[in-house]
Amino acid sequence: MQAYRFALDLTPTQQRAVLAHAGAARVAHNWALARVKAVMDQRAAERTYGITDVELTPAAGWSLPALRKAWNAAKADVAPWWTECSKEAFNTGLDALARALKNWSDSRTGKRVGRRVGFPRFKSRRRSTPSVRFTTGAIRVEPDRRHVVLPRLGRLKLHESARKLARRLEAGTARIVSATVRRDGGRWFVAFCVDVDRRERAPAQPQATVGVDVGVINLAVLSTGELVPNPRHLDGAARRMRRLARRMSRRVGPDRRTGQRPSKRWERARAQLGRAHARVAHLRRDGLHKLTTRLAREYATIVVEDLNVAGMLRNRRLARRIADAGFAELRRQLAYKTGWSGGRLVVADRWYPSSKTCSGCGAVKTKLTLSERTYNCTVCGLTLDRDVNAARNLAALAAEVNTAGSGPVAGRGADRKTRRGGPVAVKRQPGIASASKTGTVPPQGGTSNHMLTKAS
Ligand SMILES: [Zn+2]
């Protein structure tokens, strides 16, 4: 499955039609959520009166078919205008709710890893991103590759050519599963979720291994010595963002207590600020995609560290820089792109001392402050840039996992503390990487260096 996303040029009429569909999705979502909530509250109240479980009000179904059935029975009363929108619009909202409820209940019962998921909340017209997803009906790219056709919305003009997707569709190596129209940073996009038939590929250097040390000063340092600078798009845009935020704060915004409606000028300033943020996000995404595609096409084995990104984001001093660099996204992209190009991604254990180890002789320092930018080995006298040294250590690890099986690559909430001498816990993650393509590194004791003797 792969997503193809294109910017749209919608006419005002088309924008209104999409917004109407997104609004319909929200109405269905909020109606079904209110109903589920009411039944839950009713049952809870009845329990306090000592009513036995069999006599309670029957529980409302949470599955998508159950929600859809209830909606279809009630839509004539709740939304008498329902014929004006595609049924896919209501399905979008109900599907989102069904998944939110499932995530909440799975998280509560411990079936879901990661952070706790709260109970779904009502969607607001002001705060939610307008979006509608089509899964059935006429979804196609027109032969001119400049227009797409969606149910009810009709023929929409694309801002860019859809040739990459069109080529695959014409060759029969792709099948569109769904299409989502959404507004993002003041601009409309359509994203096609596509089932792609990929041919086997091999990386340009089938024997080569590269270690990638990610950081804030340099986005990535490769074991080849190449430095990929961190473009710091957020810093570059900071001045403009501050100015726009200030402009917005001087204009009349909405106030819930006094019922003040936002002024047109405030809305305009808000849109400008939103576009500035979207531009930073787009620049960041573009740079990361180019880097990860290049690495995955070039090298057969890529070794990265398992960074605790969620943990680092909780550090207020680091969070902005780390989020701006996009560490987690870098690794996620490497995981699936190595799968596409026939390479593999190796994730070093979180506690592997890649910075403290000497890439020349394997000696491990007990202390290495962050301010030491060059690694000076007291044992063999090696002097090397700190990050290049770490990247080389990572690359050397790859030799050790040629025999390893599968391992978590982009798993959320994975807890893999090193167990000295024991086998590393291995968890398969279907859909993220195939078993033969990835591996975990054997546990590394704090001082054991036998793994690194092959480092050159
Ligand atoms: Zn050394």
(request) Could you tell me which non-hydrogen atom of Arg167 sits nearest to which non-hydrogen atom of Arg145, and how far apart they are? (result) CG-NH2, 4.0 Å
(request) Applying side chain to side chain donor-acceptor pair (under 3.5 Å) between Glu372 and each of Thr374, Asn376, Thr369, report the one that passes. (result) Thr369
(message) What I'd like to find out is whether the side chain of Gln14 reaches to under 4.5 Å of the side chain of Val181, using heavy atoms alone.
(response) no
(message) What verdict does the side chain to side chain contact (heavy atoms under 4.5 Å, CB included) test give for Met241 and Val280, after you've listed the backbone C-alpha separation in whole Å, the side-chain angles of each residue and the deciding distance to 0.1 Å?
(response) CA-CA 10 Å; Met241 281 181 178; Val280 168; 3.6 Å; yes
Table please: side-chain donor-acceptor pairs of residues 187-194 below 3.5 Å, with sequence neighbours left out.
| residue | atom | partner | partner atom | Å |
| --- | --- | --- | --- | --- |
| Arg187 | NH2 | His159 | NE2 | 3.4 |

(request) List in chain and number order the residues that pass salt bridge (charged side-chain N to carboxylate O under 4.0 Å, His left out) with Glu160, two or more places apart in sequence or in another chain; answer none if no residue qualifies. (result) none
(request) Kindly indicate whether a cation-pi arrangement holds for Lys365 with Tyr375, taking the cut-offs as under 6.0 Å to the six-membered ring centre and within 45° of the axis. (result) yes
(request) Determine yes or no for a side-chain-to-main-chain donor-acceptor pair under 3.5 angstrom, with His277 supplying the side chain and Leu273 the backbone. (result) no
(message) Given 3.5 Å as the limit, does a donor-acceptor pair link the side chain of Asn393 with the main chain of Ser354, or not?
(response) yes
(message) The test is side-chain hydrogen bond (donor to acceptor under 3.5 Å, both in side chains); show your working for Thr301 and Arg344 and say whether it passes.
(response) CA-CA 5 Å; Thr301 305; Arg344 62 179 186 149; 3.2 Å; yes
(request) Work out which heavy atom in Leu394 is nearest to a heavy atom in Val303; give both atom names and the distance. (result) O-CG1, 3.2 Å
(message) Quick check against the 3.5 Å criterion: does Asp385 have a side-chain atom that pairs as donor or acceptor with the backbone of Val388?
(response) yes
(request) Would you please name every residue forming a salt bridge (charged side-chain N to carboxylate O under 4.0 Å, His left out) with Lys157, sequence neighbours left out? (result) Asp9
(request) Could you go through the side chain to side chain contact (heavy atoms under 4.5 Å, CB included) check for Asp95 and Arg133 one step at a time? (result) CA-CA 10 Å; Asp95 182 46; Arg133 186 166 64 115; 2.6 Å; yes
(request) Give a yes-or-no answer on whether the side chains of Ser359 and Asn389 include a donor-acceptor pair shorter than 3.5 Å. (result) yes
(request) Take Arg152 and Glu88, measure what side chain to side chain contact (heavy atoms under 4.5 Å, CB included) needs, and give me the verdict at the end. (result) CA-CA 10 Å; Arg152 279 300 175 104; Glu88 296 279 343; over 6 Å; no
(message) Please check: side-chain N/O of Ser341 versus main-chain N/O of Ala296, any donor-acceptor pairing under 3.5 Å?
(response) yes
(request) State, without any angle test, whether Arg168 and Thr173 hold a side-chain donor-acceptor pair at a distance under 3.5 Å. (result) yes
(request) Could you check if a side-chain atom of Lys337 sits within less than 4.5 angstrom of a side-chain atom of Leu345, using non-hydrogen atoms only? (result) no
